[in-house]
2 protein chains.
Amino acid sequence: MKTTIKDIAQATGLSPATVSLVLNNRPSRISDATRERVLAAAAELGYRSNSAAVSLRTGRSYSLGLIVPDIRNDYYATYAKGMEDACQEMGWSLILCSTNGNPERERQYIETLQAKSIDGIAVVTTPPLTGTQSFEANRDLILRMQIPLVQMDLTGYREPINAVVCDHEKGGYMATRHLISLGHQKIAFITGPSSLEGSSSRLKGCMRAFHDYGLPWDDKMLYEGDYTYAAGLDGIDYLSDRDFTAVFAFNDLMAYGVYNGLAKYSLSVPEDVSVVGYDDHFLSSIISVPLTTIRQPIYEMGKEAARILIYKTEHPDTKPVITWFDLKLIVRKSTRKIC
Amino acid sequence: MKTTIKDIAQATGLSPATVSLVLNNRPSRISDATRERVLAAAAELGYRSNSAAVSLRTGRSYSLGLIVPDIRNDYYATYAKGMEDACQEMGWSLILCSTNGNPERERQYIETLQAKSIDGIAVVTTPPLTGTQSFEANRDLILRMQIPLVQMDLTGYREPINAVVCDHEKGGYMATRHLISLGHQKIAFITGPSSLEGSSSRLKGCMRAFHDYGLPWDDKMLYEGDYTYAAGLDGIDYLSDRDFTAVFAFNDLMAYGVYNGLAKYSLSVPEDVSVVGYDDHFLSSIISVPLTTIRQPIYEMGKEAARILIYKTEHPDTKPVITWFDLKLIVRKSTRKIC
DNA sequence: TCACAGAGATAAATCGTTTTATCATCAGCG
DNA sequence: CGCTGATGATAAAACGATTTATCTCTGTGA
């Protein structure tokens with residue numbers, strides 16, 4: 001039988017109220033002697049509070065929800081791990097919600113989370129699938145529920161909102177500048193969905209780099225992918241009749257697709273084509289031709305997301321927090337100088 | 001303000017008891033008219049039950065816990081996704097516990113989960129780190145708490161226990177036989193920790209294949225890894241002065257290490273050395289030399305694990321369930337015939 | 001001696017459900 | 001008319017913690 005607060009009260013001859021006060025370290029006038037007595041009994045009986053009871057009474061659950069499209073994707077898994085570690089440090093729990101990019105399922109999850117008195121929700125926005133509405137509606141749902149929300153990137157939402165963010169325009173700029181500085185002038189771009197802020201920012205950065213270095217921009221060198229491996233392959237097929245010496249893929253997974261797409265046309269990396277990715281997936285340093293890429297500190301961003309949410313539950317009426325993270329160009333073997 | 005069962009009672013002029021009975025579809029004598037009235041009001045007011053209250057009253061939470069060493073590892077992430085999908089189908093939730101292979105942290109998690117009245121726990125055993133105790137103690141803890149537990153593989157536990165299992169001896173046999181049938185006789189093995197059942201079974205299978213085909217077994221061709229990428233690299237370093245034409249790595253991650261380890265010695269796959277992996281990691285079909293491997297249906301096993309746990313909460317006093325899954329040899333480009 | 005001010009501890013209400021024993025009503029029947 | 005048995009619905013007690021107003025001391029100073 002699990003020990004309750006009553007058992008401790010009984011064991012010490014005190015009241016449940018006193019026990020609760022001590023166990024929660026509430027400001028109150030409990031003598032040190034009593035305090036000791038309670039703590040001793042609690043340890044003795046191996047007491048652990050029943051979180052259902054606590055939740056019911058306080059309306060809080062000391063748990064956060066994480067909504068991601070697919071936990072198998074290293075990008076989201078890393079974010080999850082960051083949040084999880086931060087939660088663990090504070091004695092909180094993380095509820096995992098993997099939506100397969102389905103907004104309807106996303107909505108169901110949000111309602112389940114609310115029913116669980118979840119204290120905060122972190123969302124990594126789903127690239128909108130064809131024929132489905134975007135995350136907008138679900139975001140409003142969360143906000144109406146008054147549940148603290150933290151987003152990855154700003155995703156075009158213009159109201160102030162909690163978020164962990166990288167300056168993707170700068171990221172796009174850095175990647176492009178790197179290629180230009182190696183002598184590349186004919187660069188192909190495999191982007192993400194233009195509806196995602198992170199993707200359109202990157203693209204802006206690319207264009208700015210072209211402008212700064214006086215290169216002519218050409219929309220024909222663009223292929224809009226959806227951040228999947230397959231999109232990388234398809235992109236190369238699409239671009240196969242164009243003339244380019246470098247490819248910038250907007251994430252590493254698509255860059256892997258590019259690798260294999262190029263192989264199909266007997267082009268090798270970096271001899272024939274230089275490739276830059278984005279994210280620094282854990283495999284990028286491992287694969288046969290290690291990938292030059294822009295590193296996002298996803299793990300740290302996950303940690304920060306959890307911290308923001310936990311902070312928000314303690315200080316509900318504070319202004320939205322936006323934490324910026326630095327991107328870093330990691331030069332490996334997939335890019336090389338040309339004449 | 002959230003709608004409660006009382007609000008519905010008020011709105012319909014009925015009692016909370018009636019409302020609860022209807023909403024939970026309890027066997028009772030409620031007239032169809034009343035039933036309709038309750039359902040209508042519930043829909044109208046957008047009622048969702050408060051799970052803290054339900055948990056407190058019933059001692060159940062409709063959530064499962066998943067304990068894995070590292071969610072970033074595709075193997076565990078796939079398992080997680082399987083469980084998550086099964087949970088979602090039934091309206092349950094999944095609480096993620098990533099332990100970094102630390103048994104102490106594992107223990108903390110188990111206690112947190114109990115405090116949350118978790119209905120079941122799935123564990124993928126942590127390879128014991130040096131200087132730490134194994135999962136044994138924590139398993140006993142869970143069992144003492146009377147929480148349904150389902151394991152991945154049997155891990156040497158001889159009492160009957162819920163588990164999802166592959167016949168790894170057969171897996172080891174299949175991989176080895178494949179290499180032998182291609183003409184390989186000098187085969188190196190990079191195993192997992194011998195304390196893990198899955199690993200020692202594979203090894204048994206390898207030895208049986210050698211025996212069946214009349215080949216001499218040599219313990220010197222063995223390197224005990226720990227299922228990490230680095231162990232693959234180290235294994236090749238360790239084996240570098242041996243004479244072999246093929247390597248069987250006990251998981252794909254180590255096989256990737258083997259790839260790069262071999263490259264260091266200017267050996268190429270499959271021309272100089274054939275490589276077989278185990279698991280069928282999602283990258284194995286993607287990498288430049290696609291990996292021949294033994295596929296475990298991890299996703300399905302995760303689904304089944306969740307199903308077993310949910311079943312167990314409904315039928316507590318049934319015998320332990322062990323579900324077996326088939327392994328499959330996936331032949332790709334990393335193995336070739338030799339003379 | 002009495003009023004009073006802390007200090008220390010507690011009684012009791014409350015959170016939202018579930019569940020069992022009980023209650024009211026009414027039809028049917030001898 | 002009074003009794004029995006369904007039938008339909010409810011009252012009320014949990015579950016385990018939190019929290020606020022309240023209670024009882026004790027010692028102090030007038």
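Source: prediction; values computed, not measured. So you know, we letter chains A, B, ... as the sequences are listed, proteins then strands, and number each from 1.
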Item to complete: Whole angstrom is fine here: how far is it from CZ in A:Arg60 over to P in C:dC15?
Response: 18 Å

Worksheet item: How do A:Asn24 and B:Gly13 order along DNA chain D: which one's closest nucleotide is nearer the 5' end?
Response: B:Gly13

Discussion item. For a quick test of reading the model, state the closest non-hydrogen atom pair linking A:Val165 to A:Asp153 and the distance between them.
Written reply: CA-OD1, 4.0 Å

Discussion item. Please give me the minimum heavy-atom distance between B:Ala305 and B:Val164, naming the atom from each residue.
Written reply: N-CG1, 4.0 Å

Worksheet item: Can A:Arg60 be said to sit on top of A:Tyr62's aromatic six-ring, NZ or CZ under 6.0 Å from centre and within 45° of the ring axis?
Response: yes

Response to the item:
The answer to which of B:Arg48 and A:Ala17 contacts DNA chain C further toward the 5' end, by nearest nucleotide, is A:Ala17

Discussion item. Starting the side chain at C-beta, find the nucleotide from C:dT17, C:dG16, C:dA13 nearest to B:Tyr47.
Written reply: C:dT17

Item to complete: Would you kindly compare A:Thr58 and B:Pro16 by the position of their nearest DNA chain D nucleotide and give the one closer to the 5′ end?
Response: B:Pro16

Worksheet item: Taking atom types as modelled, is there a side-chain donor on B:Ser63 or A:Lys116 under 3.5 Å from an acceptor on the other?
Response: yes

Worksheet, complete the sentence: When rounded to whole Å, the CG to C1' distance for the pair B:Leu23 and C:dT19 reads 15 Å

Worksheet item: Which part of the nucleic acid, if any, lies within reach of B:Ser20 when heavy atoms closer than 4.0 Å are counted: base, sugar-phosphate only, or nothing?
Response: base

Discussion item. Need two values: the first and the last nucleotide of DNA chain D, 5' to 3', having an atom under 4.0 Å from any heavy-atom of chain B.
Written reply: D:dT7 to D:dG16

Practice prompt. Check the pair B:Lys319 / B:Asn162 against side-chain contact (heavy atoms from CB on, under 4.5 Å), numbers first and verdict last.
Written response: CA-CA 9 Å; B:Lys319 274 188 296 186; B:Asn162 302 309; over 6 Å; no

Worksheet item: Checking side-chain contact (heavy atoms from CB on, under 4.5 Å) for the pair A:Met301/A:Cys166: CA distance, chi angles, key distance, verdict?
Response: CA-CA 9 Å; A:Met301 293 172 87; A:Cys166 287; 3.8 Å; yes

Discussion item. From CZ of A:Arg35 over to C1' of C:dA9, roughly how many Å is that when rounded to an integer?
Written reply: 13 Å

Discussion item. Any base atoms under 4.0 Å from B:Leu14, or only sugar-phosphate, or nothing? Heavy atoms, all strands.
Written reply: sugar-phosphate

Practice prompt. Quickly work out the A:Glu36 CD to C:dG8 P distance and round it to whole Å.
Written response: 14 Å

Item to complete: Using whole Å, report how far CG of A:Leu56 lies from P of C:dT14.
Response: 14 Å

Worksheet item: In whole Å, what is the span from the CD atom of B:Gln10 to the C1' atom of C:dG16?
Response: 14 Å

Worksheet item: For A:Tyr299 and A:Asp85, does a side-chain donor sit closer than 3.5 Å to a side-chain acceptor?
Response: yes

Discussion item. What's the separation between atom CE in A:Met145 and atom CG in A:Leu141, rounded to the nearest 0.5 Å?
Written reply: 4.0 Å

Item to complete: Answer with base, sugar-phosphate or nothing: what part of the nucleic acid does B:Thr4 contact at a heavy-atom distance below 4.0 Å?
Response: sugar-phosphate

Fill in: Separation of C:dT18 C1' from B:Ile5 CD1 (nearest whole Å)
8 Å

Response to the item:
On a heavy-atom basis, the closest approach of A:Gly59 and A:Asp119 is O-OD1, 4.4 Å

Response to the item:
Residues in residues 26-34 of chain B with a heavy atom under 4.0 Å of DNA chain C, by number, are B:Arg26

